[in-house]
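Here's the structure we're looking at; comments come further down.
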Amino acid sequence: MARRPANRLEPQSRDLNRTREKILAAALAEFSAKGFAGARVDAIARRARVNKRMLYYCFGAKQELYREILRRKIADRAGFIESTPDDFAGALAHIYLSGGTDIEFIRLMEWEAIESGGRKCIAEDERRALFEKAVARLRVLQRRGSIPRGVNLTHLFISMLSLALFPLVMPQIIRLIHGMEPTDKRFMRERENFLRWLGERLAGSGVNPAVPVRSRSRLNTTVRMGAAVHRGSSFNKPGQIP
C-alpha cells in the first residue's frame, strides 16, 4: 500500500513552524535591542540559529519580519481589549498587566519613536484601528456609568497608557524613586494594586470636566493645604495610599 504524501509532509510543516517561531523570537530580541535600522538580518539568523537563506524563505525582507511581529502584537492586544473588565479600575489594571509588562515590545516602540522622525510607521493603519477600538471600549464603559460623562476619552486612554507603560519606559527613574526594578514581581503587584485604587477613585470622583483643569487643580491643592495646616497634620509620604 502506498504511503500518503501528507504523512511525510506533516513533520516538515511542524519543523518549518518551529523555525518560524525561533526566527520571530530572535527578531523581536534584535529589534528591541537595536531598533529596526540597527538590526541586521545576519544577527537575527545567528540568534535563531538558522541561515539567512532560511530566514528569507520564511519571511522575506527585514521589513516583512518586523511587520509580522507587529501583526502578532496587534492581534494579542485586540484580544486584551475584548477582555477588558467592565469597571474602570479593572480596565486600568488590565492595560498594565496586558501591555505594561512586555519589556521587549516597549523597547521596540521606544526605538521606533527615535527612528521614525515623524514619518509614517510600519503597520500604522492597523495600529490606529487598534487604538480606535480601545477608545470605543472606553465609550461602552462610559455609557454603563463606569467612567464619568463628559470625560475626553481620547485623552483618558492616552493617560491610561502613560500610567501603565511609564515604569518600563523609564526603568532607571523607577529604580531611583522606588528602589526596585519595574520587572520585579513585588513592584508589579504594588503597581497593579495602586492602579486599581486610583481607578476606583477616578471613576467615583464625580469631577466636572467642564471646570478648567488648571483652576480645579489650584483649588484642590489650596483646600488640601489649608486643611492640613488646620489639622496640624502632614501629607502622605510619596507612594503611600491614603
Side-chain angles (χ1 to χ4, degrees), residues 77 79-103 106 130-242:
R77 279 149 181 77
F80 295 151
I81 292 171
E82 292 174 358
S83 60
T84 300
D86 289 335
D87 61 296
F88 179 68
L92 184 55
H94 184 71
I95 287 181
Y96 171 66
L97 294 174
S98 60
T101 57
D102 191 346
I103 188 168
I106 288 177
L130 177 69
F131 296 143
E132 290 173 352
K133 186 176 182 179
V135 174
R137 176 60 179 159
L138 293 181
R139 192 170 294 114
V140 172
L141 298 186
Q142 191 175 54
R143 285 199 298 265
R144 292 176 180 175
S146 299
I147 298 173
R149 296 182 63 182
V151 172
N152 186 312
L153 295 179
T154 300
H155 281 287
L156 179 63
F157 180 58
I158 292 171
S159 298
M160 292 171 75
L161 287 179
S162 301
L163 286 166
L165 304 183
F166 181 82
L168 286 185
V169 172
M170 293 288 178
Q172 75 279 22
I173 301 298
I174 301 303
R175 187 171 61 251
L176 291 171
I177 295 174
H178 190 284
M180 296 176 67
E181 295 291 338
T183 52
D184 188 286
K185 290 184 178 179
R186 179 183 164 191
F187 175 87
M188 292 169 65
R189 286 195 301 270
E190 290 181 1
R191 188 67 181 168
E192 179 188 356
N193 290 336
F194 171 78
L195 291 175
R196 291 185 186 277
W197 172 87
L198 180 64
E200 289 171 358
R201 278 144 187 80
L202 289 175
S205 65
V207 171
N208 182 357
V211 178
V213 174
R214 185 176 300 175
S215 300
R216 186 165 63 239
S217 299
R218 278 184 193 156
L219 176 61
N220 290 344
T221 303
T222 303
V223 171
R224 288 180 58 210
M225 290 179 65
V229 171
H230 178 72
R231 293 193 305 267
S233 60
S234 59
F235 293 113
N236 294 317
K237 296 179 180 179
Q240 179 179 346
I241 298 176

Contacts of E181 that satisfy salt bridge (Lys or Arg N to Asp or Glu O under 4.0 Å) - sequence neighbours left out: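 By the salt bridge (Lys or Arg N to Asp or Glu O under 4.0 Å) rule, E181 matches R175.
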
Qualifying residues under side-chain contact (heavy atoms from CB on, under 4.5 Å), relative to S146, sequence neighbours excluded: L141

Within residues 159-178 or reaching into it, pairs that qualify as ring-ring contact (aromatic ring centres under 6.0 Å, His included) - sequence neighbours excluded: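 Of all non-adjacent pairs touching residues 159-178, those that pass ring-ring contact (aromatic ring centres under 6.0 Å, His included) are H178-F187.
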
With [X], which residues qualify under side chain to side chain donor-acceptor pair (under 3.5 Å), at least two apart?
X	answer
R186	E190
Q142	none
Q172	none

Between [atom1] on residue [X] and [atom2] on residue [Y], distance to nearest 0.5 Å:
X	Y	atom1	atom2	answer
I106	L165	CD1	CG	4.5 Å
R191	D184	CZ	CG	14.5 Å
K185	M180	NZ	CE	12.0 Å
Y96	L168	OH	CG	7.0 Å

Between [X] and [Y], which heavy-atom pair has the shortest distance, and what is it?
X	Y	value
L202	P148	O-CG, 4.0 Å
M188	T183	SD-O, 3.6 Å
A164	I95	CB-CG2, 3.6 Å

Evaluation steps, salt bridge (charged side-chain N to carboxylate O under 4.0 Å, His left out), between R196 and E192: CA-CA 6 Å; R196 291 185 186 277; E192 179 188 356; 3.1 Å; yes

Residue pairs fulfilling salt bridge (Lys or Arg N to Asp or Glu O under 4.0 Å) with at least one residue in [range], sequence neighbours excluded:
range	answer
residues 88-103	K73-D102, R77-D102
residues 156-168	none
residues 157-169	none

Please report, to 0.1 Å, the donor-acceptor pairs under 3.5 Å made by any side chain of residues 83-93, with sequence neighbours excluded.
| from | atom 1 | to | atom 2 | distance (Å) |
| --- | --- | --- | --- | --- |
| S83 | OG | G79 | O | 3.2 |
| S83 | OG | F80 | O | 3.0 |
| S83 | OG | H94 | NE2 | 3.4 |
| T84 | OG1 | F80 | O | 3.3 |
| T84 | OG1 | I81 | O | 2.8 |
| D86 | OD1 | R137 | NH2 | 2.8 |
| D86 | OD1 | R144 | NH1 | 2.8 |
| D86 | OD2 | R144 | NH1 | 3.4 |
| D87 | OD2 | G90 | N | 2.7 |

Side chains of R143 and V140 in contact at under 4.5 Å (non-hydrogen atoms):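 When only atoms from C-beta onward are counted, V140 and R143 do touch, with a gap below 4.5 Å.
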
